[in-house]
Amino acid sequence: MTAIVVPIAAISIEHLARKVAQAHAGGADLVELRLDTSLVQVGSLEALYPLLNTLRQLPLPVLVTLRHRSEGGTWDGPTSERQRLYAHADRNGAAYIDQELATDDGWRPTHAKLVLSHHNFASMSPDLDGIIQRMHAAGADVAKIAVMPHDAADLADIARCYRHAKGAVCAIAMGEIGLPSRLLAGCWNAAFTFARLDGDEGSAPGQPTVRELSDRYRLHQQNADTRIFGVIGNPIHHSLSPHIHNAAIDEQNINAVYVPFLVHDPVAFWKACGKFIDGLSITIPHKHDLIPLMNRCEPLVTRIGAMNTIWRDADGNTVGANTDAVAAMACLEEETGSLTGKKAILLGAGGVARAIAFALADRGAKVCIVNRSHDRADALAKEMGGSVADANQAHQQPFDIIINGTSVGMEAPTNSPWPADRHHRNSVVFDTVYTPLETRLIKDAQLAEARTVSGLSMFIGQAAEQYQRFFGLAAPTDVMHRVALERLEAKAKAKKSVMSRDTVDVEREIGGG
Ligand code: NAP
């Protein structure tokens, strides 16, 4: 089983005991005692020996590492000093000892297992298979590589390392792009995956928390049969999809996992990684690129020209789908009843607006499109048989429904795409934006006593349609809804309490993903 390893630095015996106890309580299987980082804090090599004397009393096995400066650590002392320290760790109960392949001096532990490692913080190293082979040939019980991917297509190289290796491997792609290599470690039978404790910074870019790995991604339940799903987009760290899909998968006890892929080039990604992926959600800005690569598409995708889902049929063929349209219509119809003959003002002409425009036209609604870029509005209106209006004239027309299909209200929550004094009480206002949960548009509409439809209902609806295609099962939408609300509330709370900190810190505090 893949072990979750928490790296720690310790400045005293008590500190070490406390950190290991925290890691144990947090669900870690192993701790990595980073002697190099500890050394920076305690100041002398001699002060590290008493820490190593306590290894057998700790509640978790320990991987002992004195990471060299040339591989991202802080140690650059003589080999003889490292050997003396490592021999002491070996005699006193270290479970593993880590030695970089590049600085390997031939010293070997007598009792502990040997990890040979390779780190590259700048790029993917060439010939990863060859590096791993050399590590195993040199006696490594575990071959560890940690490299920096350029794009998500590089994850295919990590997956291949596991397939080709003849011994135990821990292969990590670092940073946000590489995150799936950590989250899928159990599917690929990794020896270890590294994680940080809640509130800790971690020892390398992109480390998830132990809780995320064990609870959200169910690392200990993953195995070679676990089906791999995910969401691609750029950016992706804000996505709620991993939270709600994994919660639903857990609820229905399905052997699957759903991870976020930060992707710059979706075509390169799908060509490299599509083989090991069972299904995908697709978000901004990639809803168009993969359509030509599908074995077939559901008819709506071809008409709309946007695809937010890839699933596989019984023969393993890839099928493109658009679940935004059907979800949006279900939400609207719940509030409006039949849409036939209803006058709808649709703000936006991007991916979501296109899906909604065609679906409204199919149901007999009269659609007027208002968009910042007129040419896009014109083109869409021509395709689906609607009309177009300027933003400053649209509110003069009679309407039953206003739909916001733009991103206005998301980045700046005080902004609204529609004037506050142009709502009326007999209308229905549907905002596809759901972060924040109550947008300015929704608040204005409620003040005017209009009926409102939240973007969150559409988001859950489109995810449920995807889930049904992925697993052939009705999604537990109550679970999805509860988890989404919890995340959005936690996000809003974290944002409020750390207003002065930068975005990266905010994401860290709320767990990212
Ligand atoms: P998209 O294809 O990039 O389209 C963005 C739309 O917003 C375009 O019409 C764009 O106008 C307009 N826009 C962007 N910034 C604007 C500004 N400052 N002022 C006026 N108009 C502006 O994105 P999309 O995929 O359609 O997504 C749009 C929004 O829908 C997202 O922000 C998201 O919140 C929401 N959404 C919700 C769900 C859900 O399930 N609830 C699902 C997907 C998306 P131009 O054509 O002039 O650029």
Side-chain angles (χ1 to χ4, degrees), residues 231-236 238-241 243-245 266 281-289 291 301 304-309 321-332 334 345-359 367-381 383-384 386 388-392 394 402-419 429-442 452-467 475 477 480-481 484-485 487-488 491:
V231 53
I232 64 166
N234 180 17
I236 202 64
H238 64 283
S239 175
L240 287 180
S241 296
H243 299 266
I244 64 168
H245 279 283
S281 309
I282 303 170
T283 185
I284 299 173
H286 299 321
K287 290 191 181 178
H288 315 279
D289 314 80
I291 295 173
V301 171
I304 297 173
M307 175 174 99
N308 76 337
T309 313
N322 188 312
T323 65
D324 284 336
V326 60
M329 290 309 104
C331 296
L332 254 186
E334 205 173 306
I345 292 183
L346 175 59
L347 309 170
V352 152
R354 282 184 68 80
I356 292 175
F358 281 96
V367 185
C368 174
I369 297 165
V370 180
N371 191 45
R372 182 177 61 178
S373 313
H374 287 260
D375 47 347
R376 274 182 106 183
D378 277 338
L380 175 56
E383 281 181 70
M384 45 69 62
V388 176
D390 275 352
N392 51 6
I402 297 170
I403 301 164
N404 178 29
T406 75
S407 47
V408 176
M410 195 163 78
E411 293 300 333
T414 49
N415 287 357
S416 170
W418 187 257
V429 177
F430 173 20
D431 198 344
T432 66
V433 174
Y434 57 89
T435 45
L437 254 180
E438 280 214 320
T439 58
R440 172 78 197 280
L441 174 68
I442 292 286
T452 56
V453 179
S454 105
L456 186 61
S457 314
M458 173 183 162
F459 176 70
I460 299 298
Q462 61 80 33
E465 288 283 331
Q466 295 179 330
Y467 191 93
T477 47
M480 287 177 153
H481 203 265
L485 272 181
R487 286 298 299 171
L488 289 171
K491 214 167 181 169

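Numbering of ligands and ligand atoms starts at 1, following listing order.
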Do any N/O atoms on [X] end up under 3.5 angstrom from N/O atoms on ligand 1?
X	result
V433	no
A353	no
F459	yes
M410	no
Q462	no

Among N322, D324, N308, find the residue that satisfies the side chain to side chain donor-acceptor pair (under 3.5 Å) test when tested with K287.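 That would be D324; it is the only one of N322, D324, N308 passing the side chain to side chain donor-acceptor pair (under 3.5 Å) with K287.
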Looking at [atom], what's its closest protein heavy atom, distance included?
atom	value
atom 32 (O) of ligand 1	S407 CB, 3.0 Å
atom 11 (O) of ligand 1	N371 OD1, 3.2 Å
atom 19 (N) of ligand 1	V408 CG2, 3.4 Å
atom 18 (N) of ligand 1	R372 NH1, 3.5 Å
atom 2 (O) of ligand 1	G351 N, 2.9 Å
atom 4 (O) of ligand 1	G350 CA, 3.4 Å
atom 45 (P) of ligand 1	S373 OG, 3.4 Å
atom 29 (C) of ligand 1	T406 O, 3.6 Å

Please could you name the atoms of ligand 1 that [X] approaches to less than 4.0 Å, counting only its heavy atoms?
X	answer
G348	9 (O)
Y434	39 (C), 41 (N)
K287	25 (O), 43 (C)
R376	8 (C), 45 (P), 46 (O), 48 (O)

Criterion side chain to side chain contact (heavy atoms under 4.5 Å, CB included) against M410, the qualifying member of T432, V433, T439: V433
Have a look at C331 and tell me which of V453, I460, V326 forms a side chain to side chain contact (heavy atoms under 4.5 Å, CB included) with it. V453
Minimum heavy-atom separation for V408 and P417, please, with both atom names. CG1-N, 3.8 Å
Where is the tightest heavy-atom contact between A328 and I356, given as atom of each residue plus distance? CB-CG1, 3.8 Å
Going by heavy-atom distance to atom 25 (O) of ligand 1, choose the closest among I284, D324, I282. I284
Determine, considering heavy atoms only, which of V352, I356, I369 sits nearest to atom 24 (P) of ligand 1. V352
Please determine, by modelled atom types, if S373 and D375 share a side-chain donor-acceptor pair under 3.5 angstrom.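 Distance-only check fails for S373 and D375.
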Roughly how far, to the nearest 0.5 Å, is the [atom2] atom of [Y] from the [atom1] atom of [X]?
X	Y	atom1	atom2	result
R487	T435	CZ	OG1	12.5 Å
E334	S457	CD	OG	7.5 Å
H374	I369	NE2	CD1	13.0 Å

Protein heavy atoms near atom 35 (C) of ligand 1, is at least one of them under 4.0 angstrom away?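 So far as the 4.0 Å threshold goes, atom 35 (C) of ligand 1 is in reach of a protein heavy atom.
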In the complex you have, is atom 27 (O) of ligand 1 within reach of the protein, judged by whether a heavy-atom distance drops under 4.0 Å? yes
Just let me know how T432 lines up against ligand 1, side chain, backbone, both or neither, with a heavy-atom cut-off below 4.0 Å. both
Test of understanding: given a 4.0 Å heavy-atom threshold, classify the contact between R354 and ligand 1 as side chain, backbone, both, or neither.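 Neither part.
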Any donor-acceptor pair under 3.5 Å from H288 side chain to G305 backbone: yes
Got a donor-acceptor contact below 3.5 angstrom from the R440 side chain to the N415 backbone?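 No, the answer is negative, given that no donor and acceptor are paired below the 3.5 Å cut-off.
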